[in-house]
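In what follows, a structure is listed as C-alpha cells, so that the remarks can point back to it.
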Amino acid sequence: IISWEWDFGDGSANSNLENPSHTFAEGQYDVKLIVEGDLGCKDTIIQTLDIVHIVPNAGPDTTICSGDGISIGAPAIAGQTYSWSPATGLSSATSAQPTASPTYTTTYSLIVTGDNGCETEAETVLITVSASPSIDLTAIQAICAGDTIQIGPNPVASYTYSWSPTDGLSSSIAAQPTAAPTSTTSYTVTAASPNGCSGTASTMVTIHSLPNVSAGSDQLICLGDTVIVNGTGALSYSWSNGVTNGVEFVPNVGNLSYTVTGTDGFGCTNTDALNITVHNLPEADSSVDNQVMSSIDPTVKFTNNSSNS
C-alpha cells in the first residue's frame with residue numbers, strides 16, 4: 001500500500017496519514033478509508049462511529065465539619081458506570097452521587113465508563129474536613145436540694161455556647177454556668193467554632209432530697225438529771241453546745257436549745273432542734289414560832305420557808 005486517504009465524515013479535511021488521530025464532536029459519523037496499492041489498485045472501507053462525550057462530574061470542592069457528610073458527584077446517566085477512589089468514607093464507591101463522610105481532608109477521584117466501554121480520565125474533588133469543637137462534660141453530677149453546682153466544659157475563647165434547657169441556669173450562653181435546678185435535669189450544651197462547626201454534649205444534674213432529721217421532743221428535767229439526745233433520719237449527727245449523739249450529759253439550769261445536724265449517705269444535711277428546760281431543785285426550810293410548849297397550850301405553829309418550789 002502506497003497511499004491512504006481518510007474521510008472522517010464530519011466535514012473536516014481528509015488525512016493521508018497511515019494512522020491518523022482525529023477529534024470528533026458528539027454524534028454519529030461514517031469514516032471512510034481509501035487505500036491504493038503500488039499497482040494503482042484501490043479499496044474502500046466505511047466504518048460508522050457513534051461518538052459520545054462522557055464528562056465525569058465529581059462536584060465542587062467543599063468543606064465539611066468532622067462527623068458530617070456531603071453528597072458528591074452528579075446525578076447518574078443511563079448506561080454509565082462510576083468508580084470512586086479511595087472508597088474510605090464513601091457510602092458507595094460505585095454510585096454516581098455517594099455520600100462522603102471522611103474523617104480527614106480527602107481528595108476523591110471519579111472515573112466514568114460509558115456503555116461503549118470508553119473510560120474517562122479521572123475527575124477529582126477535594127473534601128476539606130474542619131474539626132468540630134470537642135466538649136468534655138461529666139455525664140452525671142449530683143447535688144443536694146437547694147444547692148448549686150457549676151457545669152460545663154473548659155471555655156475556649158473563640159467558641160460560642162448555648163445551653164438547653166435554661167431552667168435553673170445562671171446563664172444560657174456561658175461556657176460554665178451555675179446550675180440550681182429544682183429537680184433532676186439533663187442539660188445539653190452546644191459549642192460553635194468560628195468555622196461554623198459545632199459539637200454538643202450533655203450532663204445530668206441529679207437532685208438528692210435532704211434527710212428528714214429529727215432532734216426528738218422537748219424535755220423538762222430537774223437540775224442534775226442526765227439527758228441522752230438521739231437524732232434520727234440520717235446516718236451521722238452533730239449536736240451544738242458540745243453534745244454527742246447518744247451520750248448522756250447533764251444540762252445546765254435554764255432553757256437551752258440544742259440543734260442537731262444530720263448527714264445522709266449522699267452528704268446532704270438537714271437540721272432540727274429541741275429545747276431542754278432545767279429547773280432548780282427546791283430548798284426545804286421551815287421555822288417554829290413557839291418551841292416551848294406548855295400544858296395549857298401544846299399547839300406548835302410551823303412556817304414553811306422553802307425556796308425554788
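Residues passing the side-chain hydrogen bond (donor to acceptor under 3.5 Å, both in side chains) test with Thr62, sequence neighbours excluded: none. Applying the side-chain hydrogen bond (donor to acceptor under 3.5 Å, both in side chains) test to Asp50 and every residue at least two apart in sequence or in another chain returns Gln28.
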*side-chain hydrogen bond (donor to acceptor under 3.5 Å, both in side chains) between Glu5 and Asn16: does it pass, once the steps are laid out?*
CA-CA 5 Å; Glu5 183 178 358; Asn16 298 120; 5.2 Å; no
_If you apply the rule side-chain hydrogen bond (donor to acceptor under 3.5 Å, both in side chains), what do you find for Ser132 with Ser66, and how did you get there?_
CA-CA 6 Å; Ser132 296; Ser66 57; 3.2 Å; yes
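In Glu26, the CD atom is crowded: over 12 heavy atoms of neighbouring residues, nucleotides or ligands sit closer than 6.0 Å. Around atom CG of Asp218, more than 12 heavy atoms belonging to other residues, nucleotides or ligands sit under 6.0 Å away.
Of the possible polar contacts, none joining the Ser172 side chain to the Trp163 backbone as a donor-acceptor pair under 3.5 Å is found. When atom types are taken as modelled, the side chain of Thr203 and the backbone of Thr138 share a donor-acceptor pair closer than 3.5 angstrom. In terms of modelled atom types and a separation under 3.5 Å, the side chain of Tyr161 and the main chain of Val156 share a donor-acceptor contact.
The side-chain heavy atoms of Glu119 and Val112, taken from C-beta on, include no pair separated by under 4.5 Å.
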Identify all side-chain donor-acceptor contacts of residues 245-264 below 3.5 Å with residues at least two apart in sequence or on another chain.
residue: Asn245; atom: OD1; partner: Gly231; partner atom: N; Å: 2.7
residue: Asn245; atom: OD1; partner: Trp239; partner atom: NE1; Å: 2.8
residue: Asn255; atom: OD1; partner: Thr277; partner atom: OG1; Å: 3.4
residue: Asp264; atom: OD1; partner: Phe266; partner atom: N; Å: 3.0
residue: Asp264; atom: OD1; partner: Gly267; partner atom: N; Å: 3.1
residue: Asp264; atom: OD1; partner: Cys268; partner atom: N; Å: 2.8

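Note: Phe8 and Trp6 have parallel aromatic rings, judged against thresholds of 30 and 60 degrees for the angle between ring planes.
Atom CD1 of residue Ile127 and atom CD1 of residue Ile64 lie 6.5 Å apart, to the nearest 0.5 angstrom. With rounding to the nearest 0.5 angstrom, the CG atom of Asn57 is 6.5 Å from the CD atom of Glu123.
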